[in-house]
Amino acid sequence: MASSDEKPGPTPVATGDKPTPPGEPTTLSSKILDKGAGMMQSLEPVKEMKQHVCTFALYAHDLSRQIETHHYVGRLNQDVLQCAVYDSDIRKANLIGVEYIISPKLYETLPEEEQKLWHSHAYEIKSGLWVNPGVPQMLEKPELENMACTYGKFWCTWQVDRGDRLPLGAPALMFSPQPVNRGRVRPDLVQRRDEKYKISTEELRESRVDIQEPEIHPNADYWVKHNKGFAVDVKPADMKRLAPFP
């Protein structure tokens, strides 16, 4: 069965130089339907996404695979945020995953095994890798100070970096960059991002030196201390015949 740690066998949707995803151009009737539905429906959850964050992520089972990510962030409350993650910021970007972000207070309540699946954001923010494109530093600074203390759990459902033209296989857990050799983002990825948005990650890092570095929970960023990542394997299981008693 599928595993997040193995590449699917060659198929027309797993490899090739054709557009991603495969499919025919959207028809006029579908465009009219979408336009009408957009005018009549509220789409309230989507409207709650108020921020765009560009950063980087590493695969939990293979730290050499690193991707640029675009998080569109919605705030459920002051302790919980949810992010739709795309591979770019263009109109037809691919939705490649979801990240949940929680406060230290909520992280402390998680079981120990669950805590190991979450990563910290302190280095990612203080190093200048985490950016809100187009937002003035003065406006984003208070938010960055809060975010530096948070923890995230990011599942990637579409591994576009390996050439998948559709979401294939099992989802992959993702880690945040960290200040150790295997956790550092490749310079070419950072340079390409900086050139696109006309920013300097180095200058951002210098401007954030006064952001307080929190104490990271020992169960977060598990791979840094234990040199072990996580892969997801999908296996057959017997279906439950009876619903659990209330």
Side-chain angles (χ1 to χ4, degrees), residues 1-11 13-17 20-21 53-71 83 85-89 93-101 115-131 151-197 199-202 204-205 216 218-234:
M1 298 296 288
S3 170
S4 62
D5 193 26
E6 63 182 23
K7 182 176 175 61
T11 68
V13 296
T15 56
D17 55 2
T20 301
V53 171
C54 180
T55 183
F56 302 90
L58 296 69
Y59 283 86
H61 62 276
D62 184 355
L63 298 179
S64 67
R65 290 176 58 195
Q66 306 176 355
I67 58 173
E68 177 184 307
T69 62
H70 295 263
H71 290 54
C83 314
V85 185
Y86 291 81
D87 63 347
S88 74
D89 61 355
N94 299 310
L95 177 65
I96 62 171
V98 60
E99 177 165 359
Y100 301 96
I101 298 174
Q115 290 177 336
K116 296 175 182 178
L117 304 178
W118 296 69
H119 58 260
S120 66
H121 290 129
Y123 170 74
E124 193 175 356
I125 288 172
K126 286 184 63 67
S127 65
L129 295 172
W130 176 296
V131 300
Y151 297 89
K153 182 165 72 169
F154 175 8
W155 290 105
C156 176
T157 55
W158 191 346
Q159 300 186 40
V160 292
D161 65 299
R162 68 182 181 187
D164 293 2
R165 298 175 61 216
L166 286 174
L168 302 175
L173 186 68
M174 307 297 282
F175 288 152
S176 61
Q178 296 298 329
V180 294
N181 285 340
R182 297 178 67 194
R184 297 186 186 278
V185 179
R186 299 199 325 259
D188 61 298
L189 291 180
V190 178
Q191 180 180 357
R192 186 170 59 191
R193 192 275 304 271
D194 286 6
E195 290 175 351
K196 175 180 180 179
Y197 290 117
I199 60 175
S200 168
T201 295
E202 180 62 24
L204 290 175
R205 183 189 66 80
I216 306 301
N219 287 333
D221 307 320
Y222 182 80
W223 71 270
V224 175
K225 308 173 188 68
H226 302 277
N227 199 33
K228 288 185 178 295
F230 297 97
V232 177
D233 293 321
V234 179

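All residue numbers refer to positions in the sequence shown, counting from 1.
Looking at R192 and E195, no side-chain N of the basic residue comes within less than 4.0 Å of a carboxylate O on the acidic one, giving no salt bridge.
In this model, a donor atom of one side chain and an acceptor atom of the other lie less than 3.5 Å apart for Y59 and D161. One side chain, R65 or Q159, offers a donor N or O that lies under 3.5 Å from an acceptor on the other. Using modelled atom types, one finds a donor on one side chain and an acceptor on the other under 3.5 Å when comparing D89 with Y197.
Residues F154 and G97 share a closest heavy-atom pair of CE1-CA, 4.2 Å. Across all non-hydrogen atoms, the minimal contact from R182 to Q66 is O-NE2, 4.3 Å. The two residues S64 and R186 make their nearest non-hydrogen contact at O-NH1, 4.4 Å. Listed here is the closest heavy atom pair of S120 and S176: O-OG, 2.8 Å. Taking both residues in full, the closest heavy atoms of H71 and C83 are given as CD2-CB, 3.8 Å, listed atom of the first, atom of the second, then distance. Across every non-hydrogen atom of L166 and P21, the tightest pair is CD2-CB, 3.8 Å.
Residues W155 and V232 meet the side-chain proximity criterion, which asks for heavy atoms closer than 4.5 Å. Side-chain contact check for L95 versus V85: every heavy-atom pair is 4.5 Å or farther apart. You'll find the side chain of V180 reaches within 4.5 Å of the side chain of W223, heavy atoms only. Side-chain contact check for Y86 versus T69: every heavy-atom pair is 4.5 Å or farther apart. Residues R184 and P177 are not in side-chain contact: their nearest non-hydrogen atoms beyond the backbone lie 4.5 Å or more apart. For the pair I96 and V160, the minimum side-chain heavy-atom distance is below 4.5 Å. In this structure, the side chains of I216 and Y151 come closer than 4.5 Å at one or more pairs of heavy atoms.
Dense packing is recorded around CZ of F230, with more than 12 heavy atoms of other residues, nucleotides or ligands lying under 6.0 Å away. Atom CG of D188 has more than 12 heavy atoms from other residues, nucleotides or ligands within 6.0 Å. Surrounding NZ of K228 are at most 12 heavy atoms belonging to other residues, nucleotides or ligands under 6.0 Å away.
Aromatic rings of H119 and Y222 (six-membered ring for Trp) have centroids beyond the 6.0 Å cut-off, not under it.
Paired with D221 under the rule side chain to side chain donor-acceptor pair (under 3.5 Å), one option of K116, Q178, H226 passes, and it is Q178.
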